[in-house]
Engineer: 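Pasting a structure below so you can have a look.
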Amino acid sequence: MLHRPLKLLLLSTSVGALGTGLGGGVELTLLNVAQELLRRGHTLKIVAPQGSVLGDIPIIEIAGELQTTAQTQGRSAPIVMPENSVLGNMWDYARQVQADYDLIFNIAYDWLPFYLTPFFNRAIAHFVSMGSLSTAMDRIVEQIAGQFPGTVGVYTLTQAETFPSPSQYRILGSGLDLSLYQFSPEPSSALAWVGRIAPEKGLEDAVAAAKITGIPLKILGKMQDDAYWKQICQDYPDAPVEYAGFFSTSELQQHLGNCRALLMTPRWVEAFGNVVIEALACGVPVISYSRGGPTEIIQDGKTGFLVEPDSVAGLVEAIGRIDQLDRYTCRQQAEAEYSLEALGDRMEEWFRDILQN
Ligand code: UDP
């Protein structure tokens, strides 16, 4: 591992303040990476939009207008910058202080940080948190990955494969502070669905499965798209579902642990799915469409079931077989593969490789 402590500058997503849930899984990934690096003796600062909170880690808060989320734009959408862009302001700050750091870590899925990379003196490690969504973004990501080999990381191989040259991305996975997730051997009868309430997450299929099976579905997560949620309620007025809200990790794992299984219904290539490993950590098996990150995490038939994408009938059939899965095996998989130590090892090794080149 690294022989001396590093000084790191971590730049957050600019689609929302940390703690709001608008950034999705990268908020938890950033927290986990930061905490583990601090525990290992590195020093770091986090730069994020004003109002951000990330555990008890101090944050350099930057004012300005938020970026629009990439997944709500089309493939041919141009790059758009608001008048007083928080993203621009964050990177302006980074440019001014870069000499104080060994390495800059970028977790924003945005064009600007990639474009700025050759203009910086310090190396930038880019963590790409979603699959390919637009040609403009693909182009700049590929360009920087080619120009600065080894500096662009992703969560999973299936995510990397959505970009034109998958082999140039470093696979970093994810990890959790497992001590925050309690193993729960005796669930209620309910199923869980966890995520941002947004079309790319395919919530309506989980609601349809709840309606067919009559098994209650507990929905947990950030209400990102109100109109989308209202439409689901209108289409399935009598489905046994409950939107419980957006919770802190400690409350989330309590709710989640009390469920028989987690349903994952992504319409897009889910880059990873932090909620999958959070469920496993609680001993909750995961039934997911066989698409994206969950296919690399779930052990089909052991810690969950992978079903044909977009098939509600497939979900229903798998729900009928939940009892074949052992909850303790789920927890064991999380411990063996998704600890914070394992994530910290991969991140440290990545940073060391970048700095040695
Ligand atoms: N989450 C949360 N509270 C909730 C529901 C979800 O903090 O009530 C978090 C969860 O811990 C996870 C994130 O929301 O980190 C969802 O991330 P995921 O990687 O599953 O999907 P993304 O939103 O990045 O597409």
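Keep in mind the model is a prediction, meaning the values are calculated, not measured.
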Engineer: To the nearest 0.5 Å, what is the distance between OG on S52 and CD1 on I60?
Structural biologist: 11.5 Å
Engineer: Q147 versus T117: any side-chain heavy-atom pair under 4.5 Å?
Structural biologist: no
Engineer: Just checking, any donor-acceptor pair under 3.5 angstrom between side chains of N89 and N84?
Structural biologist: yes
Engineer: For a quick check under 3.5 Å, do E278 and N274 share a side-chain donor-acceptor pair by atom type?
Structural biologist: no
Engineer: Between L315 and I287, does the side chain to side chain contact (heavy atoms under 4.5 Å, CB included) criterion hold? Intermediate values first, please.
Structural biologist: CA-CA 7 Å; L315 292 175; I287 295 171; 4.0 Å; yes
Engineer: Passes side chain to side chain donor-acceptor pair (under 3.5 Å), Y228 versus E204? Steps please.
Structural biologist: CA-CA 9 Å; Y228 169 67; E204 62 275 23; 2.4 Å; yes
Engineer: Within the side chain of S290, is there an N or O that forms a donor-acceptor pair under 3.5 Å with the backbone of L306?
Structural biologist: no
Engineer: Any donor-acceptor pair under 3.5 Å linking the side chain of S85 with the backbone of P82?
Structural biologist: no
Engineer: For E83, does the CD atom have more than 12 heavy-atom neighbours from other residues, nucleotides or ligands under 6.0 Å away?
Structural biologist: no
Engineer: Strictly below 4.0 Å, N to O, side chains only: are R170 and D353 in salt-bridge contact?
Structural biologist: yes
Engineer: Evaluate the criterion side chain to side chain contact (heavy atoms under 4.5 Å, CB included) for residue pair L54 and L30; output intermediate values, then yes/no.
Structural biologist: CA-CA 9 Å; L54 196 68; L30 186 62; 4.1 Å; yes
Engineer: Within the distance-only criterion (no hydrogens, no angle test), does the side chain of S184 pair as donor or acceptor with the backbone N or O of G257 below 3.5 angstrom?
Structural biologist: yes
Engineer: When rounded to the nearest 0.5 angstrom, what distance separates CG in L6 from CG in L44?
Structural biologist: 10.0 Å
Engineer: With side chains defined as the heavy atoms from C-beta onward, is the minimum distance between I107 and L10 less than 4.5 Å?
Structural biologist: no
Engineer: Decide salt bridge (charged side-chain N to carboxylate O under 4.0 Å, His left out) for R352 and E348; before the verdict, give the C-alpha distance in whole Å, the side-chain angles of both, and the deciding distance to 0.1 Å.
Structural biologist: CA-CA 6 Å; R352 184 192 59 184; E348 258 190 353; over 6 Å; no
Engineer: Regarding E142 and Q168, do their side chains bring together a donor and an acceptor under 3.5 Å, going by distance alone?
Structural biologist: yes
Engineer: Looking at R4 and D102, is any side-chain nitrogen of the basic one under 4.0 Å from a carboxylate oxygen of the acidic one?
Structural biologist: yes
Engineer: Taking only Lys NZ, Arg NE, NH1 and NH2, and the carboxylate oxygens of Asp or Glu, determine whether R260 and D323 approach each other closer than 4.0 Å.
Structural biologist: yes
Engineer: Enter the distance from N106:CG to H126:NE2 here, rounded to the nearest 0.5 Å.
Structural biologist: 5.5 Å
Engineer: Below 4.0 angstrom, N of the basic side chain to O of the carboxylate: do E270 and K201 qualify?
Structural biologist: yes
Engineer: According to a hydrophobic-cluster definition based on side-chain heavy atoms being under 4.5 Å apart (Ile, Leu, Val, Met, Phe, Trp, Tyr only), do M264 and I298 belong together?
Structural biologist: yes
Engineer: Using the ring of each side chain (for Trp, its six-membered ring), is F120 parallel, tilted or perpendicular to W91, with breaks at 30° and 60°?
Structural biologist: perpendicular
Engineer: State, yes or no, whether a side-chain contact exists between E251 and L220 at a heavy-atom distance under 4.5 Å.
Structural biologist: no
Engineer: Give a yes or no on whether the backbone of R95 and the side-chain of Q98 come within a donor-acceptor separation of less than 3.5 Å.
Structural biologist: yes
Engineer: Cluster question for you: counting only ILVMFWY and a side-chain heavy-atom cut-off of under 4.5 Å, with indirect links fine, are V316 and L203 together?
Structural biologist: yes
Engineer: Test R327 against F183 for side chain to side chain contact (heavy atoms under 4.5 Å, CB included), laying out the working first.
Structural biologist: CA-CA 8 Å; R327 291 173 76 89; F183 174 60; 4.0 Å; yes
Engineer: Linking I/L/V/M/F/W/Y whenever any side-chain heavy atoms sit under 4.5 Å apart, do Y109 and I62 land together?
Structural biologist: yes
Engineer: Find out whether the Lys NZ or Arg CZ of R122 is both under 6.0 angstrom from the six-membered ring centre of Y101 and within 45° of the ring's axis.
Structural biologist: no
Engineer: What about F105 and V97, same hydrophobic cluster or not, with Ile/Leu/Val/Met/Phe/Trp/Tyr joined at side-chain heavy-atom distances under 4.5 Å?
Structural biologist: no
Engineer: Hydrophobic clustering (ILVMFWY, side-chain heavy atoms < 4.5 Å, transitive) - are L103 and I124 grouped together?
Structural biologist: no
Engineer: Please state whether the rings of F119 and Y115 are parallel, tilted or perpendicular, taking 30° and 60° as the class boundaries.
Structural biologist: tilted
Engineer: We want to know whether S132 and R75 form a side-chain donor-acceptor pair, criterion being a heavy-atom distance below 3.5 angstrom.
Structural biologist: yes
Engineer: Is H42 close to F351 at the side-chain level, that is, under 4.5 Å between some pair of heavy atoms?
Structural biologist: no
Engineer: Taking the six-membered ring for Trp, are Y155 and F127 parallel (under 30°), tilted (30 to 60°) or perpendicular (over 60°)?
Structural biologist: perpendicular
Engineer: Using the rule given for side chain to side chain contact (heavy atoms under 4.5 Å, CB included), can you reason through F305 versus L325, listing the C-alpha separation, both sets of side-chain angles and the distance that settles it, and then say yes or no?
Structural biologist: CA-CA 9 Å; F305 295 118; L325 304 168; 3.5 Å; yes
Engineer: Determine whether a donor-acceptor pair (N or O, by modelled atom type, separation under 3.5 Å) exists between the side chain of R346 and the backbone of S174.
Structural biologist: yes
Engineer: Answer whether the closest heavy-atom distance between the side chains of L280 and I297 falls below 4.5 Å.
Structural biologist: yes
Engineer: Say whether, by atom type as modelled, one donor and one acceptor occur between the side chain of T265 and the main chain of G202 under 3.5 angstrom.
Structural biologist: yes
Engineer: Any side-chain to backbone donor/acceptor pair from Q67 onto V80? Under 3.5 Å, distance only.
Structural biologist: yes
Engineer: Is any NZ, NE, NH1 or NH2 atom of the basic residue among R40 and E36 found under 4.0 Å from an Asp or Glu carboxylate oxygen of the other?
Structural biologist: yes
Engineer: Can a donor-acceptor pair be found, under 3.5 Å and without considering hydrogens, that links the side chain of K222 to the backbone of G24?
Structural biologist: no
